[in-house]
Engineer: 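My structure is below; once you've seen it, I'll send some questions.
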Amino acid sequence: MRIASWNVNSLAVRLPHVLTWLETHQPDVLCLQETKLADDKFPCIECTAAGYQALFCGQKTYNGVAILSKRPALDMVCALPAFEDPQKRLIAATVDGVRVVCVYVPNGQSVDSEKYRYKLAWLTACGAWLQAELERYPKLAVAGDYNIAPEERDVHDPKAWEGQVLFSAPERAAFQGLLALGLKDSFRLFEQPPASFTWWDYRMNAFRRKMGLRIDHILLSAPAAAACRASTIDIEPRRAERPSDHAPIYVDLEI
DNA sequence: ATGGTAGAAACTCTA
């Protein structure tokens, strides 16, 4: 079973990229973030034609998440139950016995902002909810844009980024808190190339200059991690015309 | 020096 995740930064703009990528890589599940689409605008017909059903939880202009799957996705949840929030950042469903959680963690903007405090509060609420999900669903994957680089090797210039949003100590501690629930960072289950990143700023030719961060992750419960055979970043779509600023990532599970 | 780029939507906010 191949489970993928991609922050597309507007599905309206990136739909051709997504359809091409589905055709090439044939994931069983694709988690999307930053669809930026109200639910009545979601491209269901195009997804069906590509062989995928879609569950989505969106809003106009900002945020928005979706789960595309070849097989039926059941028991959808579309928000953190105990966290009142108008922003559409989480959707979960079960596909072939695997609980798939798609997250778009708040960016945080800057460490002194209200948005940063919201990011940390959101992560606390998400962790508490995931703890209960892990008890209900042994095979669980949490895929998405975490907006956190966990370690120095996940940042092109850790000294420059130290203390900045996406790499500050409280954010990294929150990420470690998710791992402490028993989740594994799938990417680090395997030897990986140095300077492996998933996001490059559109500005300053960051992609060409390899100035990236690894902020998109697929975390796995212990039984899912035990079945994981590979965890991959596909940077090819970042080279395309009008790319998303994020690369798609995926895991291959022997399930 | 606080820039720059992209997207949505509206002439600004978010990332």
Side-chain angles (χ1 to χ4, degrees), chain A residues 5-21 31-43 46 56-66 79 83 85-91 102-123 126 143-150 154-168 170-172 174-175 197-217 233-249:
Chain A
S5 176
W6 197 359
N7 179 324
V8 291
N9 185 19
S10 168
L11 186 56
V13 173
R14 236 64 71 187
L15 182 61
H17 304 66
V18 169
L19 295 174
T20 298
W21 198 83
C31 298
L32 298 172
Q33 303 88 38
E34 282 205 271
T35 56
K36 299 187 178 181
L37 285 177
D39 289 344
D40 63 336
K41 309 285 191 203
F42 199 91
E46 291 86 345
F56 40 83
C57 184
Q59 61 188 105
K60 197 169 73 169
T61 310
Y62 301 122
N63 311 311
V65 284
F83 190 80
D85 188 1
Q87 301 189 25
K88 305 301 189 185
R89 297 183 172 278
L90 183 143
I91 186 167
C102 171
V103 294
Y104 174 46
V105 176
N107 172 282
Q109 196 165 65
S110 65
V111 295
D112 56 0
S113 72
E114 181 55 45
K115 292 185 179 68
Y116 180 83
R117 291 190 285 279
Y118 161 69
K119 178 180 194 172
L120 295 178
W122 194 94
L123 284 161
C126 187
D145 176 4
Y146 287 73
N147 273 311
I148 300 171
D154 299 315
V155 180
H156 70 93
D157 184 350
K159 287 208 164 42
W161 279 85
E162 192 63 55
Q164 300 296 309
V165 74
L166 312 183
F167 192 53
S168 71
E171 291 166 86
R172 293 162 67 188
F175 188 86
F197 307 127
T198 66
W199 170 82
W200 303 259
D201 201 302
Y202 284 124
R203 297 166 286 189
M204 309 294 285
N205 276 315
F207 181 66
R208 188 180 55 72
R209 297 161 67 191
K210 306 185 190 303
M211 296 168 63
L213 274 66
R214 192 175 71 93
I215 57 175
D216 300 83
H217 310 291
I233 301 168
D234 178 15
I235 69 165
E236 284 309 313
R238 188 62 176 81
R239 304 186 203 281
E241 286 291 314
R242 281 192 97 185
S244 168
D245 45 352
H246 294 253
I249 61 175

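Order of the sequence lines sets the chain letters (A, B, ...), proteins ahead of strands, with each chain counted from 1. Quantities reported herein were computed from a predicted structural model and do not represent experimental measurements.
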Engineer: Are A:Lys60 and B:dA9 close enough that a side-chain N or O sits under 4.0 Å from OP1 or OP2?
Structural biologist: no
Engineer: Among A:Ile235, A:Ile233, A:Asp145, A:Asp234, find the one that has a side-chain contact (heavy atoms from CB on, under 4.5 Å) with A:Ile249.
Structural biologist: A:Ile233
Engineer: 5'-most contact on DNA chain B: A:Asp201 or A:Thr35, nearest heavy atom basis?
Structural biologist: A:Asp201
Engineer: Give me the distance, rounded to whole Å, that separates B:dA1 from B:dC11 when you measure between the C1' atoms they each carry.
Structural biologist: 26 Å
Engineer: Tell me if a side-chain donor or acceptor on A:Arg14 pairs with a main-chain N or O of A:Asn9 at a distance below 3.5 Å.
Structural biologist: yes
Engineer: Measuring to OP1 and OP2 of B:dG7, would you say a side-chain N or O of A:Arg242 lies under 4.0 angstrom away?
Structural biologist: yes
Engineer: Could you tell me how far B:dA9 sits from B:dT14 if I compare only their C1' atoms? Round to whole Å.
Structural biologist: 12 Å
Engineer: Taking the side chain of A:Tyr62 as heavy atoms from C-beta outward, which of B:dA15, B:dC13, B:dA6 is closest to it?
Structural biologist: B:dC13
Engineer: Nearest-Å distance, CZ (A:Arg203) to C1' (B:dA1)?
Structural biologist: 15 Å
Engineer: Should A:Glu162 and A:Lys159 count as an ion pair when the cut-off is N to O under 4.0 Å?
Structural biologist: no
Engineer: Calculate the interatomic distance between A:Lys36 atom NZ and B:dA8 atom C1'; express it in whole Å.
Structural biologist: 7 Å
Engineer: From CD of A:Gln109 over to C1' of B:dC13, roughly how many Å is that when rounded to an integer?
Structural biologist: 9 Å
Engineer: A:Arg89 side chain N/O closer than 4.0 Å to the phosphate oxygens (OP1, OP2) of B:dA15?
Structural biologist: yes
Engineer: Checking contacts here: which listed nucleotide (B:dA9, B:dG4, B:dC13) is nearest the side-chain heavy atoms of A:Thr61?
Structural biologist: B:dA9
Engineer: Taking CG from A:Asn63 and P from B:dA9, how many angstroms apart are they, rounded to a whole number?
Structural biologist: 13 Å
Engineer: With heavy atoms under 4.0 Å as the rule, sort A:Arg208 into base, sugar-phosphate or nothing.
Structural biologist: nothing
Engineer: For nucleotides B:dG4 and B:dT12, find the distance between their P atoms and express it as a whole number of Å.
Structural biologist: 16 Å
Engineer: What orientation do A:Phe42 and A:Phe56 show, parallel under 30°, tilted 30 to 60°, or perpendicular over 60°?
Structural biologist: parallel
Engineer: Report the residue (A:Met204 or A:Lys115) whose heavy-atom-nearest nucleotide on DNA chain B is the more 5′ of the two.
Structural biologist: A:Met204
Engineer: Tell me which one of A:His246, A:Gln33, A:His217 satisfies side-chain contact (heavy atoms from CB on, under 4.5 Å) with A:Ser5.
Structural biologist: A:Gln33
Engineer: Between B:dA15 atom P and A:Asp145 atom CG, what is the distance in whole Å?
Structural biologist: 10 Å
Engineer: Over all strands shown, is A:Phe207 touching base, sugar-phosphate only, or nothing at heavy-atom distances under 4.0 angstrom?
Structural biologist: nothing
